[in-house]
Trainee: 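Just dropping this structure here.
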Amino acid sequence: MPRELITLQVGQCGNQIGCKFWDLALHEHAANNAQATFQPSMSTFFRNVDAGGRDVGMPTGTAPIQFLKARALLVDMEQGVLDQVMKGHIGELFDGRQLISDVSGAGNNWARGFCHYGPKYHDTIMEKVRHAVEQCDSLQCFMLIHSLGGGTGSGVGTYVLQHLQDEFPNVYRFVTPVFPSEDDDVVTSPYNSILSLAQLIDHADCVLPLCNDALSEICAKVSTEEDKCRRSFSASAAQKSAGPQEVGKPWERMNMLAAQLLLDLTCSMRFEGPLNVDLNEVTMNMVPYPRMHFLISSLTGSIMNLRDTPAGGQPASHYYLRNMSQLFSDAFSRDYQLITADPKQDLYLASALLLRGDVDMADIRQNLARVQRGLRFVRWNPEGWKVGHCAVPPLNQPRSLLCIANNCCIADTFTELRARFMRLYKRKAHLHHYTEFVEQDHFEQSLRAVDDVIGLYDDARTSYGGDMAPPKRLQVVC
């Protein structure tokens with residue numbers, strides 16, 4: 001029986017990624033539903049309701065689609081963001097009663113979001129969450145989508161996460177946070193990032209971080225391949241297919257990449273396959289210690305869906321499909337990581353390979369043995385692999401591979417965030433905006449929590465041997 005997943009889209013970034021996620025999910029299910037009926041696989045993400053908002057039963061296992069509603073809660077402290085969502089081409093997918101907004105916004109201040117707007121809307125948010133939970137038969141997971149750099153996504157997002165743990169301790173909490181880039185235009189983003197990160201350490205079950213810099217680099221790489229493909233065809237013959245909404249602006253492509261990660265991660269919850277991997281298996285196999293639950297990810301194959309469609313209605317990616325060997329090589333390459341890191345040069349605690357589509361088990365075993373020779377795993381888990389295979393391919397592709405890994409290189413990402421934080425904190429710059437809501441000691445506590453996790457990953461490196469010391473970095477003198 002399919003299990004349900006409730007998404008919580010918090011802040012502008014969370015709602016933009018969420019909308020792209022729902023757009024892709026609709027097209028993915030439409031492509032695998034020739035009868036255009038509501039099937040059990042759709043119940044993971046969607047409800048089928050009548051005109052009065054009541055769930056339509058499925059006595060025969062399927063039912064005619066009446067009105068689809070997303071299992072989602074949309075939160076932003078600026079009304080304009082949610083207004084734009086509801087006026088968009090998938091606005092009817094969302095239940096207007098599951099939206100929460102204010103007027104002025106959190107002002108890029110984690111403390112305002114966490115200490116002011118969180119308590120202000122606590123009862124409303126949790127009531128709407130309970131309402132969504134009551135509409136599920138077998139809820140498995142909450143999926144929080146937000147950014148760490150702003151105020152609402154970081155502050156309200158982590159506030160909600162904390163209370164999900166209190167009220168629904170037996171439901172998994174997966175988080176997909178977007179880490180700000182070093183040249184982020186929000187000057188207080190280092191504060192917001194560390195304060196949020198400390199909450200993710202304490203209250204999430206699994207965190208799959210994304211970095212704006214890495215997403216931008218992947219999109220640039222895809223655009224380069226797209227240009228090469230387009231030059232192979234006559235411009236007069238180009239046409240568009242009936243697929244997800246046209247992707248034009250760079251940030252739209254970055255959102256699409258993040259959305260594809262969530263679709264590939266949850267494909268086994270929705271579709272059948274010879275080696276289905278549920279989200280509870282991800283936490284069981286990938287998280288050896290409670291606070292070391294940060295999983296880096298890479299996408300190959302399905303990222304080619306970021307483009308338009310050339311002549312003949314075939315996706316552009318059709319003309320440079322990845323074979324299995326390329327998929328595996330790309331998955332462990334720095335170029336396809338969704339954070340700025342190179343896990344192949346660091347130590348693995350565990351790794352999972354989630355494949356979709358036309359895949360042969362012999363090819364999986366052969367390529368797994370090939371790439372494994374170049375990777376280093378902790379001594380107590382030398383065979384730390386989890387392999388999943390969903391038979392349903394991603395949109396416009398015969399196959400794809402999502403690699404998620406618990407790797408010590410994430411400590412370097414945290415160290416960089418910490419360094420940015422300290423450049424501001426040493427001078428107490430902008431601190432007064434935060435101490436209106438929290439004591440300064442909260443900054444020290446958050447810093448200690450992040451340092452503790454960095455230390456855990458560094459200890460794992462040390463236990464492997466003397467050759468796994470963190471790479472030397474240029475020191476910035478403040």
Side-chain angles (χ1 to χ4, degrees), residues 8-17 75-78 81 100-122 125 144-166 173 175-204 207 209-212 294 413-453:
L8 297 100
Q9 307 166 192
V10 186
Q12 181 176 0
C13 177
N15 279 289
Q16 288 173 344
I17 292 176
V75 181
D76 197 9
M77 295 300 105
E78 291 185 12
V81 174
I100 300 170
S101 66
D102 201 277
V103 178
S104 58
N108 295 322
N109 186 332
W110 176 90
R112 183 184 295 275
F114 190 89
C115 300
H116 175 66
Y117 285 116
K120 179 180 179 180
Y121 289 98
H122 172 271
I125 292 174
L144 173 63
I145 309 171
H146 68 144
S147 168
L148 299 192
T152 299
S154 65
V156 180
T158 53
Y159 180 89
V160 172
L161 179 68
Q162 175 182 326
H163 288 277
L164 289 177
Q165 183 182 30
D166 294 339
R173 298 170 302 282
V175 183
T176 304
V178 179
F179 287 14
S181 57
E182 189 166 4
D183 59 351
D184 190 87
D185 58 359
V186 177
V187 69
T188 55
S189 67
Y191 285 161
N192 299 332
S193 298
I194 292 297
L195 293 166
S196 301
L197 187 56
Q199 298 296 318
L200 298 184
I201 290 169
D202 289 336
H203 303 298
V207 180
L210 309 172
C211 283
N212 275 331
F294 294 86
T413 301
F414 295 164
T415 300
E416 291 178 3
L417 287 175
R418 186 190 191 283
R420 296 180 212 165
F421 172 91
M422 290 306 299
R423 283 200 288 269
L424 288 179
Y425 191 58
K426 282 181 179 179
R427 292 166 172 77
K428 304 299 185 287
H430 305 284
L431 196 62
H432 62 287
H433 299 301
Y434 290 78
T435 53
E436 293 180 30
F437 305 97
V438 296
E439 297 293 332
Q440 185 175 331
D441 186 57
H442 197 89
F443 282 70
E444 301 291 344
Q445 293 174 6
S446 299
L447 202 58
R448 285 195 293 270
V450 174
D451 286 342
D452 178 54
V453 172

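Values below: all heavy atoms of this structure, side chains included; hydrogens, waters and symmetry mates excluded.
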Trainee: Determine the minimum heavy-atom distance between Gly149 and Asn192, stating which atoms define it.
Mentor: O-ND2, 2.8 Å
Trainee: Taking side chain to side chain donor-acceptor pair (under 3.5 Å) as the cut-off, I'd like each qualifying pair that reaches into residues 148-160, sequence neighbours left out, listed once.
Mentor: Trp110-Thr158, Tyr159-His163
Trainee: Give me the atom names and distance for the closest heavy-atom approach of Asp76 to Gly11.
Mentor: OD1-CA, 3.6 Å
Trainee: Start with the C-alpha gap between Phe443 and Ile194, add the side-chain angles, then the distance that decides, and say whether side-chain contact (heavy atoms from CB on, under 4.5 Å) holds.
Mentor: CA-CA 8 Å; Phe443 282 70; Ile194 292 297; over 6 Å; no
Trainee: Check step by step if side-chain contact (heavy atoms from CB on, under 4.5 Å) holds for Thr188 and His433.
Mentor: CA-CA 10 Å; Thr188 55; His433 299 301; 5.6 Å; no
Trainee: With distance as the sole criterion, is a donor-acceptor pair present between the side chains of Tyr117 and Asn109 under 3.5 Å?
Mentor: no
Trainee: Of all heavy-atom pairs between Leu195 and Ser446, which one has the smallest distance, and what is that distance?
Mentor: CD2-OG, 3.4 Å
Trainee: Atom CZ in Phe179, atom CZ in Phe414: separation rounded to 0.5 Å?
Mentor: 5.0 Å
Trainee: Could you state the interatomic distance from CZ (Arg112) to CE (Met77), rounded to the nearest 0.5 Å?
Mentor: 12.5 Å
Trainee: Rounded to the nearest 0.5 Å, what separates atom CD in Glu436 from atom CG in Leu431?
Mentor: 11.0 Å
Trainee: If you compare all heavy atoms of Tyr191 against all heavy atoms of Lys428, which two are closest, and at what distance to 0.1 Å?
Mentor: OH-C, 4.1 Å
Trainee: For residues Val160 and Val75, determine if any side-chain heavy atom of one lies less than 4.5 Å from a side-chain heavy atom of the other.
Mentor: no
Trainee: Minimum heavy-atom separation for Leu161 to Leu144, with atom names?
Mentor: CB-CD2, 4.1 Å
Trainee: Does any non-hydrogen side-chain atom of Arg418 lie less than 4.5 Å from one of Leu447?
Mentor: yes
Trainee: Considering only heavy atoms from C-beta outward, does the side chain of Asp102 approach that of Tyr121 to under 4.5 Å?
Mentor: yes
Trainee: Working note: His146 + Leu148, criterion side-chain contact (heavy atoms from CB on, under 4.5 Å); need CA distance, chi angles, decisive distance, verdict.
Mentor: CA-CA 7 Å; His146 68 144; Leu148 299 192; 3.6 Å; yes
Trainee: Taking all atoms of both residues into account, what is the closest heavy-atom pair of Cys115 and Val438, and its distance?
Mentor: SG-CG1, 3.1 Å
Trainee: Report the residue from Asp183, Asp184, Asp185 that forms a side-chain hydrogen bond (donor to acceptor under 3.5 Å, both in side chains) with Ser181.
Mentor: Asp183
Trainee: Rounded to the nearest 0.5 Å, how far apart are CG of Leu417 and OG of Ser196?
Mentor: 10.5 Å
Trainee: Say you draw a straight line from CD1 of Ile17 to CD of Gln12; how long is it, rounded to the nearest 0.5 Å?
Mentor: 11.0 Å
Trainee: With the side chain counted from C-beta on, respond yes when Leu164 and Leu8 share a heavy-atom pair under 4.5 Å apart, and no when they do not.
Mentor: yes
Trainee: For the residue pair Phe114 and His442, categorise the inter-ring angle as parallel (less than 30°), tilted (30 to 60°) or perpendicular (more than 60°).
Mentor: tilted
Trainee: Out of curiosity, His203 NE2 to Arg173 CZ, how far, rounded to the nearest 0.5 Å?
Mentor: 9.0 Å
Trainee: Any side-chain heavy atom of Thr413 sitting closer than 4.5 Å to one from Glu416?
Mentor: no
